[in-house]
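A quick write-up on the structure given underneath.
Model, not experiment: these values are computed from the prediction.
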Amino acid sequence: MTVPSAPAPLLIACALDIEHLALRLGDRSGAGGPVTVLRTGMGPKAAERSVARVLADPALAGAAVLATGFCAGLAPGMHPGDLVVAEETREPRGGTPCVGTDLLVEELLRAAPGRTVHTGPVTGSDHVVRGPERADLLATGAIAVDMESAATLLSAVRAGERPVAAVRVVVDAPEHELVRIGTVRGGISAFRVLRSVLPAFFEWHRNVLLPRR
């Protein structure tokens, strides 16, 4: 008799305490396997180090990795609370293609009805992007920017073959630039959206599982 292999785990990585709290408060009932929510700390170097360290644990061999949290929207017409599904993440060392983006869009629309979901490249930065720099990044084809997604996914694929994705919630945008996350309406909206979309992450995980070796 063949014993079915255990499902590969899911690693969800975010940077900030407020993002981690939103994910902790989300509905965990639909998880298709072991789930680890990692707070990496802020910035690409912290994200890269944290993800590499966690994925060195044999218990997370083959884990699917999803980077999430807040981001800055780059395109006119974006609003706080909009969702961004990365088709790829970009940083100076190259791009990392994402897996299952169509499925993520479908599930996010189900989990957060009425929210707009944008798809396209998400670029990395080592600092908070403000003002005219948004236009420069938009000209590269990117639709959003954050400090951790690209480093997280690059670190994940360097650690071994696995499905990766990035889903971000817009916390500020060209016409809605915020001063501090979590202290204004846009930050509160983004927090609530992030809390609501955990079931979409689980559905993505269930459909892109790689067999454990």
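Judged as a side-chain contact (heavy atoms from CB on, under 4.5 Å), and not counting sequence neighbours, the contacts of Ala142 are Leu74, Thr123, Thr140. For Val54, the side-chain contact (heavy atoms from CB on, under 4.5 Å) test picks out Leu11, Leu38, Leu60, with sequence neighbours left out. Taking the side-chain contact (heavy atoms from CB on, under 4.5 Å) definition, one finds that Ala144 meets it with Cys71, Val84, Val122, sequence neighbours left out. Qualifying side-chain contact (heavy atoms from CB on, under 4.5 Å) partners for Val99, counting only residues two or more places apart in sequence or in other chains: Pro163, Val208.
Judged by distance alone, with hydrogens and angles left aside, the side-chain atoms of Asp57 form no donor-acceptor pair with the main-chain N or O of Arg53 at under 3.5 Å. The closest donor-acceptor contact from the side chain of Thr68 to the backbone of Cys14 lies at 3.5 Å or more, if one exists at all. With hydrogens and angles disregarded, a donor-acceptor distance shorter than 3.5 Å links the side chain of Ser50 to the backbone of Ala46. The main-chain N or O of Pro44 is never found under 3.5 Å from a side-chain atom of Glu148 such that the two would form a donor-acceptor pair. Formation of a donor-acceptor pair under 3.5 Å by the His205 side chain with backbone atoms of Ala8 is found in this model. Checking side-chain atoms of Arg162 against main-chain N and O of Ala64 turns up no donor-acceptor pair under 3.5 Å. Using a distance-only test at 3.5 Å, with no hydrogens or angles considered, a donor-acceptor pair links the side chain of Glu19 to the main chain of Ala15. Panel note: side chain Thr96, backbone Thr89; no donor-acceptor pair is recorded below 3.5 Å.
Atom CG of residue Leu104 and atom CH2 of residue Trp204 lie 7.0 Å apart, to the nearest 0.5 angstrom. Summarising the geometry, atom CD belonging to Glu88 is positioned 11.0 Å from atom OG1 belonging to Thr101; distances are rounded to the nearest 0.5 Å. Leu21 contributes atom CG, which lies 9.5 Å from atom CG of Leu194 (distance to the nearest 0.5 angstrom). To the nearest 0.5 Å, the span separating CG on Leu109 from CZ on Arg115 amounts to 12.0 Å. Interatomic distance, CD of Glu133 versus OG of Ser125, reported as 5.5 Å (0.5 Å rounding). In this structure, Leu23 CG and Phe191 CZ are separated by 9.0 Å, a value rounded to the nearest 0.5 Å.
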Could you give me the CA-CA distance, side-chain angles and deciding distance for Leu83 and Val170, then say whether side chain to side chain contact (heavy atoms under 4.5 Å, CB included) is met? CA-CA 6 Å; Leu83 286 148; Val170 174; over 6 Å; no

Intermediate values then yes/no, side chain to side chain contact (heavy atoms under 4.5 Å, CB included), Phe70 and Asp146: CA-CA 7 Å; Phe70 304 144; Asp146 73 82; over 6 Å; no

Just do the side chain to side chain contact (heavy atoms under 4.5 Å, CB included) check on His20 and Val37 with the steps written out, would you? CA-CA 7 Å; His20 193 255; Val37 179; 3.5 Å; yes

Checking side chain to side chain contact (heavy atoms under 4.5 Å, CB included) for the pair Arg134/Val145: CA distance, chi angles, key distance, verdict? CA-CA 9 Å; Arg134 291 182 194 268; Val145 58; 5.8 Å; no

Output, in order, the C-alpha distance, side-chain angles, deciding distance and verdict of salt bridge (charged side-chain N to carboxylate O under 4.0 Å, His left out) for Arg168 and Asp82. CA-CA 9 Å; Arg168 290 278 167 172; Asp82 285 1; over 6 Å; no

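Using a 4.5 Å cut-off between side-chain heavy atoms of Ile, Leu, Val, Met, Phe, Trp and Tyr, with links allowed through other members, Val197 and Leu16 fall into the same hydrophobic cluster.
The salt bridge (Lys or Arg N to Asp or Glu O under 4.0 Å) pairs that include a residue from residues 24-46 are Asp17-Arg39, where partners are two or more places apart or lie in different chains. Screening residues 91-101 for salt bridge (Lys or Arg N to Asp or Glu O under 4.0 Å), with sequence neighbours left out, gives Glu48-Arg93, Glu91-Arg93.
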